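Here is the structure we will look at, set down as structure tokens.
Lettering of chains follows the sequences in order, A, B, ..., and the numbering in each one begins at 1. This one's a predicted model, so the numbers in the text were calculated from it and none came from an experiment.
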There are 2 protein chains.
Amino acid sequence: MADKVTIADVARIAGVSRQTVSNALNSPEVVRPETRQRVLEVVEELGYRVNLAARQMRTGRSGLIAIRIDPAGDGINGSVFDRFLHGLTESAAEAGYRLLLYTAGDDDKEIAAFEDLLGAHEPDAFVLTSTHHKDPRTSWLLDRKLPFVTFGRPWSELPEVPHPWVDVDGSAGTEAATEHLLATGHRRIAFLGWPSGSGVGDDRREGWRRALAGAGLDPTGLSRATSDAIADGEAAARDLISGDPDITALVCASDSLALGALQVARSPNPAWHAEAYRRIAVVGFDDTPVAKAIGLTSVHQPLTEAAARCMQLLSRALERTPPGTILLPPSLVVRQSA
Amino acid sequence: MADKVTIADVARIAGVSRQTVSNALNSPEVVRPETRQRVLEVVEELGYRVNLAARQMRTGRSGLIAIRIDPAGDGINGSVFDRFLHGLTESAAEAGYRLLLYTAGDDDKEIAAFEDLLGAHEPDAFVLTSTHHKDPRTSWLLDRKLPFVTFGRPWSELPEVPHPWVDVDGSAGTEAATEHLLATGHRRIAFLGWPSGSGVGDDRREGWRRALAGAGLDPTGLSRATSDAIADGEAAARDLISGDPDITALVCASDSLALGALQVARSPNPAWHAEAYRRIAVVGFDDTPVAKAIGLTSVHQPLTEAAARCMQLLSRALERTPPGTILLPPSLVVRQSA
DNA sequence: TTGAAAGCGCTAACAG
DNA sequence: CTGTTAGCGCTTTCAA
């Protein structure tokens with residue numbers, strides 16, 4: 001049984017006052033080096049650890065960072081968040097913080113969760129994911145001057161109070177994917193994405209468009225939008241390919257869509273296309289485990305680094321430094337599919 | 001800004017003492033109903049919430065449950081843990097607890113993490129996953145009489161101090177998978193698993209063997225063991241199939257292995273097998289997103305329920321009730337692959 | 001540079 | 001049934 005050793009025990013054995021122990025630990029510069037040395041030895045010897053509850057009562061800091069965890073969903077894209085979460089757990093630990101999980105059905109419920117948490121465990125900061133247009137969560141936190149960082153840009157068009165964020169440059173990813181296809185000889189490259197309006201989706205489409213424009217190619221008629229499911233991706237891919245015999249490659253906004261597209265690309269069905277077999281290259285987005293498993297070329301997000309950067313910005317925010325923003329470049333992982 | 005409202009504010013406005021407020025909240029039966037009513041109204045009105053740090057100092061209870069989160073790994077099987085984690089976050093919330101994350105490289109590091117956590121955030125309980133033979137973590141926690149539950153059986157052969165655990169009956173899963181194949185007409189059904197010694201792996205193999213025995217079939221020569229990677233699964237499947245022309249189905253210990261097996265099953269290669277095309281049925285284990293994505297029949301674990309049961313056992317453990325154990329039945333999700 | 005005193009918000013114990 | 005007292009372990013005054 002870890003016998004509770006308090007600051008008083010350390011003080012008694014080191015022959016100093018409780019206060020000096022606290023100082024030696026929290027404000028080293030204010031204590032004579034030899035005193036500090038002796039205190040630290042006793043701390044080590046006794047295995048003393050600060051009691052965070054007690055510290056929290058005095059300082060109001062809990063050492064906790066709250067982050068929402070979502071239902072698994074279709075699971076394919078869920079793994080992106082999971083990798084981020086793991087990275088964040090480690091980065092947070094290095095900075096002396098621990099992650100506290102909560103769930104919330106929607107933005108309003110999440111704001112209710114903020115209130116719950118703030119009144120109970122008092123996290124020192126929040127990490128928000130899946131930011132979107134007019135996100136009420138960021139305004140709520142900003143209003144209360146609570147430290148937070150978002151993994152994802154503020155997608156609002158209106159100028160807003162700035163806040164720290166980290167994101168991966170999605171358009172650079174689809175642009176790189178498209179350029180890779182161009183370099184491999186493809187000329188007619190289509191895009192499979194989501195209905196416009198979502199910041200992330202529009203951004204990814206833009207990268208593809210930019211790459212085509214850079215090669216002097218016309219994107220007209222080469223883009224389809226659908227919801228993010230395998231079956232939808234398959235239908236849209238089939239539609240694209242059968243409607244345009246020159247298409248030889250597909251850039252997709254997600255691995256889910258790409259998976260659907262692959263069904264079409266890998267088993268050309270004479271029923272929907274009469275011409276001889278043509279190999280369709282497919283590129284996905286997120287480099288999920290599925291992509292790796294089935295040899296799908298995909299845009300990889302540096303999630304561990306993103307997590308580390310989030311912590312970095314959070315540390316700054318906790319010191320009330322003006323917000324920083326970081327846009328990370330993704331990388332293309334080339335596999336058999338393209 | 002949420003203006004801190006303390007128990008004193010409530011007491012003052014309700015016209016009672018602080019203690020009565022505390023009682024009304026924590027020991028309702030000891031307070032006159034009308035007093036309690038009034039107190040609760042004021043609590044509501046003021047938006048009062050207990051300060052957990054203060055409560056923790058008095059009671060020693062933090063309302064936190066600690067759980068380790070692992071690196072993503074190959075990611076395919078990682079999703080099992082993630083679904084469990086999500087379920088646990090919700091079940092914990094319903095019971096008034098929050099999850100605290102930590103990482104640890106191995107068992108010893110995890111025990112060090114226990115000590116860290118216990119000295120700092122003081123979680124009320126731990127949830128352990130990936131239990132294995134002679135798991136030092138459970139002994140450590142048992143020695144200190146700390147409440148915990150494991151998701152996974154204690155796989156030790158030696159009689160040990162019992163502890164609460166929840167697990168999914170893996171052998172029932174592979175047995176059901178095999179029976180399904182038998183019912184579909186398959187007679188020669190092989191098993192692709194891991195080297196013996198791992199409790200989980202041996203258990204899954206046993207279910208397959210049991211089903212064959214039940215049908216009066218001999219499992220000899222029909223089992224292969226390899227590490228849990230797609231490429232290894234593919235090699236082993238190829239070896240099995242090319243070595244025995246009568247094999248028509250494969251039961252696998254994981255979706256990773258099954259994915260490898262599918263490569264073989266779905267694109268029969270004349271080079272390694274001269275006979276006419278034969279369709280090989282494949283069944284995986286864990287029903288990961290990948291399985292869903294590619295139409296792989298797989299054994300599904302009821303992870304949300306497992307999480308709920310873990311919380312249930314934990315609640316009991318927190319009241320120092322003798323440990324309970326729960327073995328949950330999995331279900332077979334039939335898709336195209338079998 | 002070190003020490004003494006006070007108090008964060010809460011609840012266990014006891015007194016009324 | 002309700003109120004008073006005390007103190008959990010820590011850090012922030014302030015004084016020595």
Next item on the list: Would you mind telling me which residue lines up with the more 5' stretch of DNA chain D, R55(A) or A54(B), judged by nearest nucleotide?
Entry: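 Its nearest nucleotide being more 5', the pick is A54(B).
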Margin query: Can you give me the first and the last nucleotide of DNA chain C (5' to 3') that has an atom within less than 4.0 angstrom of a non-hydrogen atom in chain B?
Written below: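 With heavy atoms of chain B under 4.0 Å away, the range is dG9(C) to dA13(C).
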Between [atom2] on [N] and [atom1] on [X], what's the gap in Å once rounded to a whole number?
X      : N       : atom1 : atom2 : value
R18(A) : dG9(D)  : CZ    : P     : 11 Å
Q56(A) : dC8(D)  : CD    : P     : 19 Å
Q19(A) : dA16(D) : CD    : C1'   : 14 Å
L52(A) : dT11(D) : CG    : C1'   : 13 Å
N51(A) : dT11(D) : CG    : C1'   : 13 Å
I7(A)  : dG9(D)  : CD1   : P     : 11 Å
R12(A) : dG9(D)  : CZ    : C1'   : 15 Å

Close side-chain approach of [X] and [Y], heavy atoms under 4.5 Å:
X       : Y       : answer
R137(B) : T150(B) : no
L303(B) : F81(B)  : no
V10(B)  : V16(B)  : no

Note to self: Looking at R309(A) and E305(A), is there a salt bridge between them, counting it only when a charged N and a carboxylate O are closer than 4.0 Å?
What the structure shows: yes
Check: Nearest to the side chain of M57(B), which nucleotide is it out of dT4(D), dC8(D), dC10(D)?
Finding: dC8(D)
Notebook entry, point to check: Looking at residues at least two apart in the chain, or sitting in another chain, which of them share a side-chain contact (heavy atoms from CB on, under 4.5 Å) with A317(A)?
Noted result: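 A317(A): side-chain contact (heavy atoms from CB on, under 4.5 Å) contacts with P147(A), P164(A).
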Next item on the list: State whether the number of non-hydrogen atoms from other residues, nucleotides or ligands found under 6.0 Å of E44(B) atom CD is greater than 12.
Entry: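 Atom CD in E44(B) is not packed in, count stays at 12 or less.
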Checklist line | Criterion side chain to side chain donor-acceptor pair (under 3.5 Å) against R153(B), the qualifying member of D169(B), T325(B), D167(B) | finding: D167(B)
Notebook entry, point to check: Pick one: which of Y97(B), F126(B), F148(B) meets side chain to side chain contact (heavy atoms under 4.5 Å, CB included) with I65(B)?
Noted result: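 So the option named by the test is Y97(B).
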Checklist line | Minimal non-hydrogen separation, A14(A) against V42(A), with atom names | finding: CB-CG2, 3.8 Å
Checklist line | Members of residues 21-38 of chain A that approach DNA chain D, where some heavy atom sits under 4.0 Å away | finding: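 DNA chain D contact set from residues 21-38 of chain A: S22(A), N26(A).
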Check: Does T20(B) have a side-chain nitrogen or oxygen under 4.0 Å from the phosphate oxygens OP1 or OP2 of dG3(D)?
Finding: yes
